[in-house]
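What follows is one structure encoded as structure tokens, with my remarks underneath.
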Amino acid sequence: MTANDTPRAARQTRVTTSHWGAFEVTTEGDRITGTAPFAGDPEPSDISQAVPAAVHHSSRVARPSIRRGWLERRDRSSRGHDEFVELPWDEALDIAAAEIDRIRKAHGNEAIFGGSYGWSSAGRFHHAQSQVHRFLNSIGGYVASFGSYSTGCAQAIMPHVFGVPFLRYLYNSQDSWQTIAENTETLVMFGGINRKNAQVSMGGITRHDTQSWFERFHDKGMRCVNIGPQRRDAPEGCEWLPVRPGSDTALMLALAFVLEQEGLTDHAFLARYSVGFERFRPYLMGESDGLPKTPEWASPICGTDPETIRALARRMASTRTLITVAWSLQRAEHGEQPYWMSAVLAAMLGQIGLPGGGVGYGYGAIGGIGKSMKSLRGVTFDQGQNPVGTFIPVARIADMLENPGVPYDFNGRREPYPDIRLVYWAGGNPFHHHQDLNHLHEAWKCPETVIVNEPWWTATAKRADIVFPATTSYEREDIGRTDLDEFLFNMPALIPPVGEARDDYDIFAGLAERMDAGARFTEGRSSEEWLRHLYEGYRASGAEAGIEVPEFDDLRARNWVKLPIVQEPPLPSFLARFRADPEGHALNTPSGKIEVFSETVDSFGYADCPGHPVWLPPTEWLGTASAQTPLHLVSPQPGDKLHSQLEAALADQPDARPERVLIHPEDARPRGIASGDLVMLRNARGAVRARAVVSDDIRLGVVALPTGAWYGDASENIDPHGNPNVLTRDKGTSSLGQGCSAHTTLVEVAPLG
């Protein structure tokens, strides 16, 4: 008998982990009855409080279900407003396997899309995206996706600038909080550093400490400047420059202009460590276009006083300055430009590679950035090799479904969209995170079949043809670990599966067996055998690094351990090594240096992303749209959950829905809006209900509606729950990055009578 087979006590409390950190879970029999913070967390997240209600919510998918219109006549048009027929597992698996087999034999595996973008479980084996990709690879492959909605644009542009994959730069190559605390004098935060966002991290963050680091910054006299439309995008005590959303590149150009005009540019650094400044300077100074990028030029664009811009530029040049850039800046039309321009501005200051200086990305976007850990391999479920080489940028799903065979541009490539006949989704809710959801609702009717593994009846599950009920991470055993955290967890199966839910692994094993791919998918191992196998690889990696990792059964008994993997002192970043020896540690760019001007990008010939950073006004700012919808909408992450996870339980709370929208008093007053009023946000793409919160914590002319509310019935004229992605624009950031441009959105707000 294994630990998982032990009879359950009437009441037990154990620890598990999640993307928002570790927490204690109390169970009584087959139910989760309560949660409590993990004792080792100085600033625990409150998200886990919703877990008991969510796990046992009436919206759980109870049994395998097939949409009646698809089952009886392969109808696609009724997705989202059709009833489902519950079937036994064997019958549902037979039908799904036969349909997948039909598609791949009739149209090839290039007709199957398995993007399955989403965070799903923090566990390393029961990671839904890895599971579905391994299954699809075991049967011949699938069309994949590149990047993420959070960083897809940056993942495309930044390798051209620094020559390193962006995610590797984020997680392994930036200054630690310790280094910043010891060296930085001026912290300039474009988009802020938000504790709310830092409460989550891929794989979990056990010790939440963003607030305590900022307390140290303030105690030492560090000047911290939050540049963005929301005051609370940075901790208390930070200065606030409330700029217009999407104008950051203009402000950065004006700061750079002051440096160059006043002789503050470090030309020696530029000459040794970068290429192309002589191609960029004529644009900056207005010699090539007759428009000098002065503070007076930038002021009406970004809404910041010219003298404030000049004073900040001088301060940045005279102190050890770290520029940080939030992920949100590249989730906008022309999102490549502020990321590229921030690197150019830092290069002009000459502080790249100095401790606590230069430029960093994503601090506060997730909790792990800023921590310095020794990296150990292992506990990663191998997805296998994908025989299909076709992929799309992750945010171009609706375009792909609607436009098979139509060519599109991406990062120097021009390829036709594949002809997708079947979508398999596991781990994620595209009808939460995609843009222009009414448009996606129509595009979703194009494929012949949609199959979803899902614990809850989300909007995505309701728009599927075959829905398999999947377990949550509280109903199965797993291992919790991440390279950004020193804690290692056994995540016990706290309760048995709810209803007839099965683990994704068992669902895919059943499908693979029916398609003569069972051995390739499972390699003859059960879930527990996989856990032991993957864990032994992790222990071996620890042994190679001189770190003792407990045996599997020991970890089971202990529940969690803290490993001695904090890197002290923090290792220098790759840019520090490059600064010390630019020839021996040359960057992986064509020049081996930081590319202020990129010949490669210039050769693509993209008008919306030329060879050096430029200011390009968002198209939504132009024409009649800005007159009819004068307010900028930003759609930040929610504070009470991760994306749309746990939304079922949270939406049941009194007055929790519709979602709350933040609006400035001077915008609310002429519209007759007071705090607590129901309002409607609208533009040409749709309309949503929300509840107003009137506050001067947001810039005049801007409203903020958090993501996370489940998308409502598309047949209604107004989304009832307040999902901002009904309003956001489904347009690529540029021909280069093709990321999502959610933050380039204009709306009008009116009282809802």
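When a residue number appears, it is its place in the shown sequence, counting from 1.
Using a 4.5 Å heavy-atom threshold, the side chains of Tyr361 and Thr324 count as separate. In this structure, the side chains of Ser342 and Met252 come closer than 4.5 Å at one or more pairs of heavy atoms. Side-chain contact check for Phe217 versus Pro235: every heavy-atom pair is 4.5 Å or farther apart. Residues Met189 and Tyr363 are not in side-chain contact: their nearest non-hydrogen atoms beyond the backbone lie 4.5 Å or more apart. In this structure the side chain of Glu260 reaches within 4.5 angstrom of the side chain of Met348, judged on heavy atoms. Side-chain contact between Leu631 and Arg671 is present, with at least one heavy-atom pair separated by less than 4.5 Å. Looking at heavy atoms from C-beta onward, Pro658 lies in side-chain contact with Arg691 at the 4.5 angstrom threshold.
Within the 3.5 Å criterion, the main-chain N or O of Ala181 finds no donor-acceptor partner in the side chain of Thr184. The backbone N or O of Ala742 sits nowhere less than 3.5 Å from a side-chain atom of Thr728 that would complete a donor-acceptor pair. Between the Gln435 side chain and the Ser741 main chain, no donor and acceptor come within less than 3.5 Å of each other. Side-chain atoms of His664 come within 3.5 Å of backbone N or O of Glu666 as a donor-acceptor pair. The backbone N or O of Phe431 sits nowhere less than 3.5 Å from a side-chain atom of Asn725 that would complete a donor-acceptor pair. Looking only at distances, no side-chain donor or acceptor of Asp233 sits under 3.5 Å from a matching main-chain atom of Asn194.
Salt bridge Glu287/Arg281: present, at least one basic N to carboxylate O contact under 4.0 Å. Using a 4.0 Å cut-off between charged side-chain N and carboxylate O, Arg685 and Asp730 make no salt bridge. Ion pairing between Arg729 and Glu333 holds under the 4.0 Å rule for side-chain N and carboxylate O. A salt bridge links Glu296 to Arg310: one of the charged nitrogens lies within less than 4.0 Å of a carboxylate oxygen. The residues Arg657 and Glu647 are annotated as salt-bridged, a charged nitrogen and a carboxylate oxygen being separated by less than 4.0 angstrom.
One distance of note links CG of Asn226 with SG of Cys238; it measures 6.5 Å at 0.5 Å rounding. The CE atom of Met222 sits 10.5 Å away from the OG1 atom of Thr321 when rounded to the nearest 0.5 Å. With rounding to the nearest 0.5 Å, the separation of CZ in Phe280 from OG in Ser274 is 11.0 Å.
Contact detail for Ser247 and Trp615: the closest heavy-atom pair is CA-CZ3, 3.9 Å.
Counting heavy-atom neighbours within 6.0 Å of Glu236 CD, excluding the residue itself, gives a total of 12 or less. Counting heavy atoms of neighbouring residues, nucleotides and ligands inside a 6.0 Å radius, atom CZ of Arg396 exceeds 12 of them.
Residue Leu752 forms a side chain to side chain contact (heavy atoms under 4.5 Å, CB included) with just one option from Asp677, Ile718, Leu681, and that option is Ile718.
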